[in-house]
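A short worksheet on the structure shown next.
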Amino acid sequence: MEFRDLKTQYAKLSSKIDESIKNAIGSGRFIMGAEVSELEKRLANYVGVKHCVTCGNGTDALVLSLNAMGVKSGDAVFVPDFTFFASAEAISAVGATPVFVDVDKDTFNISDVSLSTQIEKVKKEGKYNPKAVVTVDLFGLCADYDKIRKICDDNNLLILEDAAQGFGGSINSKRACSFGDIATTSFFPAKPLGCYGDGGAIFTDNDEYADLLRSLRVHGKGSDKYDNVRIGQNSRLDTVQAAVLLVKFDAFKDYELDDVNTVAKKYTEMLGDKVKTPIVKDGFVSSWAQYTITLKDKSQRDLVQAKLKENGIPSMVYYNKPMHRQTAFADIICDNNDYATTNALCDTVLSLPMHPYMTDEDITMVSNTVLSALQ
Ligand SMILES: *Cc1c(COP(=O)(O)O)cnc(C)c1O
């Protein structure tokens, strides 16, 4: 069994994908070809924002966005303690200081209570200028933007929505990538919408940010690429990857997103009485980058994972180490007691195989194996 079955997806879409790649190569426009602008148009339309600017990967998308927002050395940027490293790494990459925020035990997303606490701490200390929050739509589920936006407005903070895992999710039909002042996503192959290499995209309604982002991704270009008006990056989505994404995006919106939600519902029906299954609040739709259960303690989690492995079922621990305990952030002073939920989650979470091509037999086998380990 595959954790995320990209081979079955390709088998289903191969004739269209092969054709699309062939056309892209035939055009000879390998960088910023027609497929790239077509994809940007379609993605912006789907998300419901004015601008989509594609780029090299989801990490570059974050760095480009922070630069466009003017985030710099001396600024504090708040970020969940429970996330993939890149969410916090990008903050340090632009010279600012990440301030870790604990998460909510039910949604795994940034906690409004902890955010308020950390903002007060930074203000009281007076060392850094509170500038922005990188929210993360973890495992496919949007953060609680009603609450977070209010706190940010009260404290004059920008929101950068890291929707690398969240693309396709929504709150009351408003889609992920439309909640931040700027939002980013990743097309890394295993993400909800993935390409066949690295890729990323940035979304915003703000014309000024969009202009800056289009400049920053091509060496800070001015009127053309040999007129350079600022320091940027070289970070573009390849035309061939855009060609792959045009086909995969149709499948994603036509049935894959529905199908992962069906898989999640079946898992929850089978497992919900015995283990803590993901909680999706009213009005929210997840794109199920991960289906993550929470076990009683570390020994039970490790036991379930071992039992799955014994039966040839892959599972993953996302994530086993909080940001505040990463070696790369060792010089950032923080209080381990502020991160009780993240610390507990790192010991107890387990992500099960999840993708749109899972069969009922797969779901039953995974669920029964989990249940048998709990007896
Ligand atoms: C994958 C991921 C990224 C980085 O995306 P890449 O395309 O791999 O650079 C950033 N943030 C989160 C939450 C991710 O899961």
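For ligands, and for the atoms within them, numbers begin at 1 and follow the listed sequence.
- Ligand-side atoms of ligand 1 in range of N57: 7 (O), 9 (O), range being under 4.0 angstrom from any heavy atom.
- Of the protein's heavy atoms, G58 N, 3.4 Å lies nearest to atom 6 (P) of ligand 1.
- No donor-acceptor contact under 3.5 angstrom links the side chains of D104 and N109, judged on distance only.
- Using a 4.0 Å heavy-atom cutoff, S87 is listed among the residues neighbouring ligand 1.
- Only the side chain of D162 comes within 4.0 Å of ligand 1, judged by heavy-atom distances.
- Atoms of ligand 1 lying under 4.0 Å from any heavy atom of S186, numbered from 1 in the order shown and given with element: 5 (O), 6 (P), 7 (O).
- Heavy-atom proximity to atom 4 (C) of ligand 1, evaluated over T59, V63, V79, D198, is greatest for T59.
- When atom types are taken as modelled, the side chain of T342 and the backbone of D81 share no donor-acceptor pair closer than 3.5 angstrom.
- Without hydrogens or angle criteria, D181 side chain to L158 main chain gives no donor-acceptor distance under 3.5 Å.
- Ring geometry for F139 versus F82: interplanar angle over 60°, hence perpendicular rather than tilted (30 to 60°).
- Protein heavy atom closest to atom 14 (C) of ligand 1, with residue, atom name and distance, is K191 NZ, 2.9 Å.
- Ligand 1 has no N or O atom lying under 3.5 Å from any N or O atom of Y319, backbone or side chain.
- Distances shorter than 4.0 angstrom occur between a heavy atom of V136 and an atom of ligand 1.
- S114 places a side-chain N or O within 3.5 Å of a backbone atom of D102 that can act as its donor or acceptor partner.
- Between F84 and ligand 1, no pair of N/O atoms sits closer than 3.5 Å.
- Judged purely by distance below 3.5 Å, without hydrogens or angles, the side chains of T268 and Y291 pair a donor atom with an acceptor atom.
- Remark: D360 engages K266 in a salt bridge, criterion side-chain N to carboxylate O under 4.0 Å.
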